[in-house]
Colleague: 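Here it is: the structure, laid out below.
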Amino acid sequence: MTIITKRRSFLTGSIAASAAALLPLTVKAEAADKIQWSKTYDVVVVGSGGAGLSAGVAAAQNGASTVILEKMDIVGGNTRITGGAFNAVDPVEQEKKGIKDSVELHAEQTLKAGDYRGNPELVREFTKRAPEALQWLKDCGVVFLPGVYQVYGGLHPRAHSSTKPFGLGYIEALENKCKELNVPILLNMKVVRLVREGNLSGRVIGVEVQTKRGRTQYIRALKGVVLASGGFSANPQARALHDPRLFDLPTTNHKGATGDLIAPAQDIGAEVVGMDYIQLLPGGATTGRFIGMVSPVESVIFVNKNGDRFVAEDKRRDVIADAILGSPTKVVFGIRDADGYTAMNKGATKAFNGAFEIGDAFKADTLDELAAKLQIPAENLKKAVETYNKAVDEKKDPLGRDPKMLIHKIEKGPFYAGRLTMAVHHTMGGVAINSHAQVMDRRGQPIPGLYAAGEVSGGVHGTNRVGGNAVAEIFTIGKMAGENAAKN
């Protein structure tokens, strides 16, 4: 992915200073055989986002005493603020719309979109088990809206959304399930070290934790530790260590997404993959945070500061990122009509409505009025909309948008716009895992007792993540990790 940003004078000093952010460190620590354990469980899960909650619930459902440790003071991680689209093949809902799909197609699109840098075995296991995870979430109490759609960067209409905004539908249901299964979620518990029998050998037998008051505790895991602690999109130094161009970009992530557990995993021998594969997403121009404008793809177009369309909105996310960063001022606008606004899911609508307060969302009765508010040429905007509407009629877009995404004209007022720029959204790299969610060491062997799921791990998405795959991944592989740790 080619990303055009300014290389600033911070690079020499800041990158050198950031070397400690994600590299393995030599830590003076209590020897494993001398540790006084504070508590003991079968399975210890680190992180309470979608992957962690899934692992915790699944482990408990398989008979394991389980605890979830969360460094923040609130449950949910990035999943709490996600757009919530879950990619999974669903013959019942897809056939209603005449959509042909298969787990094989899902896997092939995922591998191809990531330039075949994802682990094929892992990708195929993920896409095969995503429909099962979708049903499992329903069984856990998540209520989904009927139908499927194509999320921004999703490449195919197979996305599902819960009835609640953002990721709250997932988090609330799984948190309730944890209570039902007596799985404690301990907040303000920062894991700083993974305890292995030998420094680079033997089983992982527990974790070292720092409490909010600075106390050290050791929590033992009889069967396994599951890392679900997230990626490093909110850590500028860590990002710059792997891609110096991304230091000064905003992020869509919550402030705790700092990649804390990648280095401790490396300290005990874990391999990492794809650390420089970092994905950008259009976010609000003021803060970089998600404002909901970009999905569903079928009802949005993008225009630049000149009022011109410049990219097919259904392309890969890295293609769109390059196009936006290559546009004048690197700020663009998503355009919807009244029906397109209604088509956004609840979370997107809530985020977009909140963006009016910071000047990143706009509404007008006519395109002329909208152009005036956006300070772009009205004639160009109207021409862009007219040309796009003609493409919908003819099922042929001069920019190459797929005909299945040429189904919604922009013609019904009021009209809406979101002011967008690129923000760091997802780090595709992390600790290497196999198709059983086991963490792999530098010799390609599983580390006994250590599992991982979600953005702390790598190997699923390759160079570019398909929209809707991350939410599917965290629950699918999180569930798998919890099950396998419990059966260990």
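Note that the structure is predicted; figures quoted are calculated from it, not measured.
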Colleague: Can you tell me if S435 and K128 form a side-chain donor-acceptor pair at under 3.5 Å?
Modeller: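 S435 vs K128: no donor-acceptor pair found between side chains.
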Colleague: Within the side chain of S327, is there an N or O that forms a donor-acceptor pair under 3.5 Å with the backbone of I324?
Modeller: yes
Colleague: Please check: side-chain N/O of T427 versus main-chain N/O of G429, any donor-acceptor pairing under 3.5 Å?
Modeller: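 No; zero donor-acceptor contacts below 3.5 Å.
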Colleague: If we count only N and O atoms by modelled type, under 3.5 Å, do the side chains of D318 and Q279 hold a donor and an acceptor together?
Modeller: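 Not at all, the side chains of D318 and Q279 share no donor-acceptor pair under 3.5 Å.
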Colleague: Can you check whether L249's main-chain N or O pairs, donor with acceptor, with R239's side chain at less than 3.5 Å?
Modeller: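 Yes: the side chain of R239 pairs with the backbone of L249.
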Colleague: Between T421 and K330 (side chain of the first, backbone of the second, donor and acceptor by atom type, cut-off under 3.5 Å), is there such a pair?
Modeller: yes
Colleague: Is it the case that more than 12 heavy atoms not belonging to K404 sit under 6.0 Å from its NZ atom?
Modeller: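 Enclosed.
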Colleague: Got a salt bridge between K487 and E483, using NZ or NE/NH1/NH2 to carboxylate O under 4.0 Å?
Modeller: no
Colleague: Test K346 against L168 for side chain to side chain contact (heavy atoms under 4.5 Å, CB included), laying out the working first.
Modeller: CA-CA 11 Å; K346 287 186 177 181; L168 295 180; over 6 Å; no
Colleague: Might you point out which heavy atoms bring S457 and A452 nearest each other, and give the distance in Å?
Modeller: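 What the structure gives for the nearest pair is CB-CB, 4.2 Å.
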Colleague: Nearest 0.5 Å, what's the CG-CE distance between D314 and M405?
Modeller: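 The CG atom of D314 sits 7.0 Å away from the CE atom of M405.
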Colleague: Does any donor atom in the side chain of D441 or Q445 lie under 3.5 Å from an acceptor atom in the other side chain?
Modeller: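 No - no donor-acceptor pair under 3.5 Å links their side chains.
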Colleague: Can you confirm whether K138 sits close enough to H160 that some side-chain heavy atom of one is under 4.5 Å from a side-chain heavy atom of the other?
Modeller: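 They are not in contact (no side-chain heavy atoms under 4.5 Å apart), so the answer is no.
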Colleague: Answer whether the closest heavy-atom distance between the side chains of L155 and K112 falls below 4.5 Å.
Modeller: no
Colleague: Determine the minimum heavy-atom distance between E93 and G147, stating which atoms define it.
Modeller: OE1-N, 3.0 Å
Colleague: Out of curiosity, N253 CG to H425 NE2, how far, rounded to the nearest 0.5 Å?
Modeller: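 The NE2 atom of H425 is 7.0 Å from CG of N253, to the nearest 0.5 Å.
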Colleague: Side-chain contact, heavy-atom cut-off 4.5 Å: D115 with R316?
Modeller: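 D115 reaches R316 side chain to side chain.
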Colleague: When rounded to the nearest 0.5 angstrom, what is the spacing between NZ in K479 and CG in N62?
Modeller: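 It comes to 8.0 Å.
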Colleague: Can you label the angle between the H461 ring and the H426 ring as parallel, tilted or perpendicular, going by 30° and 60°?
Modeller: perpendicular
Colleague: Side-chain contact test, heavy atoms from C-beta onward, threshold under 4.5 Å: evaluate it for V191 versus V44 and give yes or no.
Modeller: no
Colleague: So do L174 and L137 actually touch side chain to side chain, heavy atoms under 4.5 Å?
Modeller: yes
Colleague: Within a 6.0 Å radius of atom CD on Q135, are there more than 12 heavy atoms belonging to other residues, nucleotides or ligands?
Modeller: yes
Colleague: Evaluate the side-chain proximity of S54 to I474: yes if any heavy-atom separation is below 4.5 Å, no if none is.
Modeller: no
Colleague: Mind telling me whether F166 and F290 have parallel, tilted or perpendicular rings, with 30° and 60° as the class edges?
Modeller: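 Geometry flag for F166 against F290: perpendicular rings.
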Colleague: Taking the side chain from S65 and the backbone from D42, do they hold a donor-acceptor pair closer than 3.5 Å?
Modeller: yes
Colleague: Just by distance, do the side chain of T258 and the backbone of N235 share a donor-acceptor pair under 3.5 Å?
Modeller: no
Colleague: Set out, in order, the CA-CA distance, both residues' side-chain angles and the distance that settles side chain to side chain contact (heavy atoms under 4.5 Å, CB included) for L53 and C178, then state yes or no.
Modeller: CA-CA 8 Å; L53 292 176; C178 284; 4.1 Å; yes
Colleague: Got a sec, which residues hit side chain to side chain contact (heavy atoms under 4.5 Å, CB included) with L187, two or more places apart in sequence or on another chain?
Modeller: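 Checked L187 against side chain to side chain contact (heavy atoms under 4.5 Å, CB included); matches are E70, V75, I185.
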Colleague: Would you please say whether a donor-acceptor pair under 3.5 Å links the side chains of N176 and E172?
Modeller: no
Colleague: Checking the side chain of E313 only, and the main-chain atoms of F302 only, is there a donor and an acceptor separated by less than 3.5 Å?
Modeller: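 Pair found, side chain donor or acceptor close to backbone of F302.
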Colleague: So which heavy atom on A64 is nearest to which on A486, and how close?
Modeller: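 A64 and A486 have their closest heavy atoms at CB-CB, 3.7 Å.
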Colleague: So does E473 get a backbone contact from the side chain of T476, meaning a donor-acceptor N/O pair under 3.5 Å?
Modeller: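 Between the backbone of E473 and the side chain of T476 there is no qualifying donor-acceptor contact (under 3.5 Å).
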Colleague: Just verifying a value: how many Å separate F144 CZ and T163 OG1, rounded to the nearest 0.5 Å?
Modeller: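 OG1 of T163 is found 9.0 Å from CZ of F144.
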Colleague: Please round to the nearest 0.5 Å and tell me the distance separating atom CD1 of I301 and atom CZ of R401.
Modeller: 8.0 Å
Colleague: Report the distance from atom CG of N464 to atom OG1 of T110, rounding to the nearest 0.5 Å.
Modeller: 10.0 Å
Colleague: Where the side chain of Q94 meets the backbone of D90, is there a donor-acceptor pair that is under 3.5 Å apart?
Modeller: yes
Colleague: Can you check side chain to side chain contact (heavy atoms under 4.5 Å, CB included) on T463 and M428, steps first, answer last?
Modeller: CA-CA 7 Å; T463 61; M428 277 83 75; 5.8 Å; no
Colleague: What are the two closest heavy atoms between R196 and G202, and how far apart are they?
Modeller: NE-O, 2.7 Å
Colleague: Grab the two heavy atoms, one from P184 and one from T66, that are nearest each other, plus how far apart they are.
Modeller: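 Here P184 and T66 meet closest at CD-O, 3.2 Å.
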Colleague: Atom NZ of residue position K164 - does it have more than 12 heavy atoms of other residues, nucleotides or ligands inside 6.0 Å?
Modeller: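 Check fails, neighbour count at 12 or below.
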Colleague: Flag the pair L105 / K100 as yes when at least one side-chain heavy-atom distance between them is below 4.5 Å, and no otherwise.
Modeller: no
Colleague: Side chains of I477 and I433: does their closest heavy-atom pair fall under 4.5 Å?
Modeller: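 A side-chain contact under 4.5 Å exists here.
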Colleague: Has R442 got a side-chain atom pairing as donor or acceptor with E271's backbone, closer than 3.5 angstrom?
Modeller: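 Checking the backbone N and O of E271 against the side chain of R442, no donor-acceptor pair under 3.5 Å is found.
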Colleague: With distance as the sole criterion, is a donor-acceptor pair present between the side chains of S161 and Y149 under 3.5 Å?
Modeller: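 The criterion, which ignores hydrogens and geometry beyond distance, is satisfied for Y149 and S161.
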Colleague: Run the numbers on H254 and R80 for side chain to side chain contact (heavy atoms under 4.5 Å, CB included), then give the verdict.
Modeller: CA-CA 9 Å; H254 82 118; R80 180 174 285 275; over 6 Å; no
Colleague: Shortest non-hydrogen contact from I320 to V311?
Modeller: CG1-CG2, 4.3 Å
